Protein chains: 2
Amino acid sequence: MASIKDVAAEAGLSVATVSRVLNGHPSVSQDARRRVTAAVERLGYRPNAVARSLRTDQTRTLGLVISDVMNPYFTELARSVEEEARALGYSVIIGNADERPDLQDHHVTTLLDRRIDGLLVSPTDGGSPGMLGAAQAGTPMVFVDRWIPGVDVPVVRSDGRAAVRDLVAHLHGIGHRRLAIIAGPAATTTGRERVDAFREALGAYGLALPDAYVGQGDFQAASGRRVTEGFLDLAEPPEAVFAADNLMALGALDAVRARGLRVPDDIALAAFDDIPWFVHTDPPVTAIAQPTRELGRAAVRALVDRIEGRTGASVTLPARLVVRRSCGEPASPEPPSPVRRSTP
Amino acid sequence: MASIKDVAAEAGLSVATVSRVLNGHPSVSQDARRRVTAAVERLGYRPNAVARSLRTDQTRTLGLVISDVMNPYFTELARSVEEEARALGYSVIIGNADERPDLQDHHVTTLLDRRIDGLLVSPTDGGSPGMLGAAQAGTPMVFVDRWIPGVDVPVVRSDGRAAVRDLVAHLHGIGHRRLAIIAGPAATTTGRERVDAFREALGAYGLALPDAYVGQGDFQAASGRRVTEGFLDLAEPPEAVFAADNLMALGALDAVRARGLRVPDDIALAAFDDIPWFVHTDPPVTAIAQPTRELGRAAVRALVDRIEGRTGASVTLPARLVVRRSCGEPASPEPPSPVRRSTP
DNA sequence: ATCCTCCGTGTAATCGATTCCACGAGGAGG
DNA sequence: CCTCCTCGTGGAATCGATTACACGGAGGAT
């Protein structure tokens, strides 16, 4: 593979001049510029990014460590992150933690070893040693979706509180009173927050959230299935189940169907994180949609701001409720204002 | 960030010795080894992968360029690729081409600039300049899922011919005679092959595949919707529609529902590529499942074989039919042997 | 005519590793 | 006791770029 030396030889100039042409440095003659361009063309030369990175101490690469690529929410997030990064001249290396702290650490160290310019993380847990180290070491960093309390890193996320209130209003309007939740891991902020928001919203209607109605999941379909089976085995099963992510909702759907029961007739179902497939499930699932694309873009912008010496502050965007048919039809007037139906 | 020089100073040894310890070179004394290890520990030193790559001319990184990350099939492929690569000591950088040749080229050049050790591609088209260049330039390369005829690169893919025959047998057994297909882009091998296999299988039953029953899609949901609408507008609409990928099947489902029609009562539907959601759609969708995990693993192994100087041959794995309810219930005996029902 | 500036270019140091080669110490063999 | 190996170690070249500094020539000001 041709190197800058070959180009210099071919153009009859020094490597310094070639480098200057390549980087658009002003003090180069028209003639030199032409000869270099021609030589580059002839040799099919492409600068070695590795060498360049070593010298300039920047890789123009961002690391993105997410909890689970197979989760469509994160896939979409990853996609929008890559898009925005590309627009700003950066590449992205994705690390999939599969909800495992050890894997998350593996990816963080690998990325740091490669000297990425900045790190975008949706932490799987409360803070693995590798990640805290990275934050400490001063690597530009931004949390997205989930974060770690007490770590001084900007957070780009969406606030589901209002949407959860809308959801509870919706369920309450339909007549449901015994509401349960399939929670995410307590080690994640989203895992805890969604339960809190749900409990708070229930409180506004004078409803309690008994321990038996809080099932512990791990954001994977299997746990949704298991927890839902537990709910159905109760002497007094809930009338509605709220899954804290889309995969657990899928598992819940499985469990209900396996019992020969029907959604929403026998039990209502709603999920956090809207995905294209929810329109096509039987029945279409009512969900809380995050502005995923905007989240990804905002996260990249915040990170690049940090990298390039600007401030890069936290961002919180609102989520919204998308009503479909999995909770039943409202008997009384429609739920409060920000609610929208996905099909008119 | 501490460099090898700092470690050498801290340990009171030369950088050469430190490097030897780091790389497990045999001729280093126990004492030196201990001192280096201690110094590394004290400084929290991690070798700079960029510098190492420049010197050794290898990055221990694989590039994976896929057509569409949002397609669950490719997400799963990407995941299994990363898993196997990690097991073999490689990292993976994913490039998402979004079915756009220009984006595909962008990623290929970026990856080559970063001097990845090998490239895994599922080409979007018949061969963009950048990709053909890479193949020519001798970069170790392997095609996965899709490939480009005439380019001398191993191909890891699955053969759907037998499964398509099973599908046609299944449809025929139910009583469907007017069968249509939503094809993928003609520029892709999978786009063409699936139509060919379908036509061939129809032939075995004495059925023709009229042009009006071949709709041109692009592997995206919107095209599935558009093509299906066209089918429904025909004077004699097909009784069954076979979508050449899962996203177009989703679009077809949309279109059918928008007309107030029902699957499978009004029209049968089947898809290539099985995904977890097909179990939960209304109705569950009959699909041809590829051994995605195995495909990813085989592709990585073939590529690493090439990189490390071994042969690395092509691999073809069989796909299989998964019968669900979207084609209706068979009136007569069950379809041929390799067919399985997803729910007993 | 002399001096100063500015411009275009080249030489060489540098980034952080790996690795070839040389060198000194110590042990084995004659 | 001398020679020859082997072993552990360090010095220095190297990978492919960027960039500080030096230098020569042209042109303007005095």
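From a predicted model like this one, the values you see are computed outputs, not experimental measurements. In what follows, chains are A, B, ... by sequence order, proteins preceding strands, each numbered from 1.
You won't find any donor-acceptor pair under 3.5 Å spanning the side chain of B/R55 and the base of D/dG16, going by distance alone.
Atom NZ of A/K5 is separated from atom P of D/dA13 by 13 Å (rounded to the nearest Å). Here the C1' atom of nucleotide C/dC15 and the CE atom of B/M1 are 15 Å apart, to the nearest Å. Taking atom CZ of B/R114 as the reference point, atom C1' of D/dA17 lies 15 Å away to the nearest angstrom. Rounded to an integer number of Å, the gap from CZ of A/R33 to P of C/dC7 is 14 Å.
Closest approach to the B/S29 side chain among D/dG8, D/dA12, C/dA17 is made by D/dG8 (side chain taken as heavy atoms from C-beta onward). Taking only side-chain atoms of B/S27, from C-beta outward, the nucleotide of D/dG8, D/dA12, D/dG16 with the closest atom is D/dG8. The side chain of A/A51 approaches D/dG16 more closely than any other nucleotide in the set C/dA17, D/dT18, D/dG16. Comparing C/dT18, D/dA17, C/dT9 by their nearest atom to the side chain of A/I4 picks out D/dA17. Closest to the A/S3 side chain, of the nucleotides D/dG16, C/dT9, D/dG10, is D/dG16.
Judged by distance alone, the side chains of B/Q104 and B/D125 do bring a donor and an acceptor atom under 3.5 Å apart. Between A/D68 and A/Q220, the side chains place a donor N or O and an acceptor N or O closer than 3.5 Å (distance only, hydrogens not considered).
If you check every strand for non-hydrogen atoms under 4.0 Å, B/A32 touches sugar and phosphate atoms only. Residue-level contact check: A/S19 touches the bases, meaning some heavy atom is under 4.0 Å from a base atom. Residue B/D57 is out of contact with every strand shown, counting any heavy-atom pair closer than 4.0 Å. Across all strands, B/L22 comes closer than 4.0 Å to no nucleic acid atom at all (heavy-atom distances).
Between A/R34 and A/S29 the shortest side-chain heavy-atom distance does not fall below 4.5 Å.
Taking side-chain N and O atoms only, B/N48 has no distance below 4.0 Å to OP1 or OP2 of C/dC15. Residue B/S14 places no side-chain N or O under 4.0 Å from the OP1 or OP2 atom of D/dT9.
In terms of position along DNA chain D, the nucleotide closest to B/D31 lies nearer the 5' end than the nucleotide closest to the other residue of the pair A/T56 and B/D31. In this structure, B/R20 and B/L54 both approach DNA chain C, and ranking their closest nucleotides by distance from the 5' end singles out B/L54. Toward the 5′ end of DNA chain D lies the nearest nucleotide of B/V15, the other residue of the pair B/V15 and A/T17 mapping further downstream.
A donor-acceptor contact shorter than 3.5 Å is absent between the side chain of A/R114 and the backbone of B/V50. With hydrogens and angles ignored, the 3.5 Å screen pairs a side-chain donor or acceptor of A/S67 with a backbone N or O of A/S122.
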